[in-house]
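Input: a single structure, listed below in structure tokens.
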Amino acid sequence: MTQGREDAQGMSALVVEDSPPMRKMIVFALARIRGLRVVEADDGVDALRRLATARFDLVITDINMPILDGLKLVKRLRADEAYRDVPIIIITTEGAEEDRQRALALGATAYVTKPIQATQVIELVRQVLGL
Amino acid sequence: MSHDAAGSPLRARTQAFLREFFAKGEELVRELIAENDRLRALGPAPIEPDVVSAAVEGLGRRIAALELECAELRRATAAVDGTSDYRHRLDELEREHYRLATMYVAGSQFHSAATVDEVLRTLTEILLNFVGVGRFTFLAVDEERQILFPLVREGVDELVLAEVQLPASGPLAEVTALGGPWRVGAALGAGDGVLMHLPLYSGSRLVGVARIERFLPQKKRFDEADFGLLELMSEHAGIGIETAWIRAHAREVPLRRMDLERLVGA
């Protein structure tokens, strides 16, 4: 991975999480990455609405969400030419190996289980964004 | 626009003024050219040797000071690169920062919840997402019947737990006998199939107990950060439930200046 950029100026991330406290904590962790603009979505449907109106460089999503879950969201995004190569990080309570394998097979870039460590998330985001 | 007739006194004065003005300008330009030629003929002005050496010495001193500063910075950088202490300390600070933020978010969620359901949803989300609890039961207090009864269960489909008579016995009694929120170092009230009984208090009023039964597969034990959160939950989730309970049963009364002033003794 290239280590060229000093910060994420001009880049944006979409955080898709139905739990407000968890969403706040992911946003809090991402705020440590200078310049990264973060947009929040309550669930998969809200995410699709936001993805249709703006371009994101990274999507971070939970799996268990009402209406449209995180795995369906990954599938939809990978079928979309515009989001075929955009990094998608899953943050979930589902810790079983088969869940991880399924998400990665659908096209998720990385899979992180809760409870999260902010440093782990920051490091991972930097890595996938090439910072 | 009016026209002065040729030869009028005003026009004559204006012309005289302009002649004088341009003549002075011409004279000034001539003087400047002459001075320029004189200075060119003189060549570069000699600089006194002592002035030069003082300036050079000053610069030399400044350079030496900067070099010292650079060396100092190089030593500091080498020390940072050469040991893991700096990285370790930074990670520690990041973890502490995140832990405090987690507690802030959890506390604010409990106090902004308007209904008992919202408080219990927050409790579930914090236990699940922040602590890593995979299965738990919230036992609420029925004060009239003096019992604890299962109200919410996470991680299993059915509410199969029996009511518990108060005062409780066994591990549950350890925490319900506290008479106030659980603090780090107090008994966990662990028992058969239970990692912890977390009492939820509002002051000294017991409003419920979170029976923590199992971690998520990826979580192995409580850590220091968890204990801080559990302490906060024991105190603030209880207040949140009591507040939401009161709100649910309160008669709606409009805000009135007279009543508000009486409340603050104004």
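To find a chain, count down the sequence lines: A is the first, B the second, and so on, and within it residues start at 1.
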Task: Minimum heavy-atom distance between B:G132 and A:P115, given as atom pair plus value - done: CA-CD, 3.7 Å
Open item on the list: Can you tell me which portion of B:L216 sits under 4.5 Å from chain A's heavy atoms? Options are side chain, backbone, both or neither.
Closed with: side chain
Task: Which atoms of B:A101 approach chain A - backbone, side chain, both or neither, heavy atom under 4.5 Å - done: both
Can you confirm whether [X] is buried at [atom1], in the sense that more than 12 heavy atoms of other residues, nucleotides or ligands lie under 6.0 Å from that atom?
X	atom1	value
A:Q120	CD	yes
B:E69	CD	no
B:R221	CZ	no
A:R76	CZ	no
B:E224	CD	no
B:R214	CZ	no

- [ ] For each of B:R95, B:R99, B:H97, B:R121, tally heavy-atom pairs with chain A at distances under 4.5 Å, and name the one with the top tally.
- [x] B:H97
Task: Distance, nearest 0.5 Å, that separates OG of A:S19 from CD1 of B:I126 - done: 8.0 Å
Task: Pairwise distance OG1(B:T102) to CE(A:M22) - rounded to 0.5 angstrom - done: 8.5 Å
- [ ] With a 4.5 angstrom heavy-atom cut-off, could you sort out which part of A:I116 is near chain B: side chain, backbone, both or neither?
- [x] both
TODO: Sort A:T93 into side chain, backbone, both or neither according to what part of it lies under 4.5 angstrom from a heavy atom of chain B.
DONE: both
Open item on the list: I'd like to verify something: which residue of A:K24, A:Q117, A:E94 has the highest number of heavy-atom pairs under 4.5 Å with chain B?
Closed with: A:K24
TODO: Keeping the roles fixed (side chain from B:Q218, backbone from A:K114), state whether a donor-acceptor pair exists under 3.5 Å.
DONE: yes
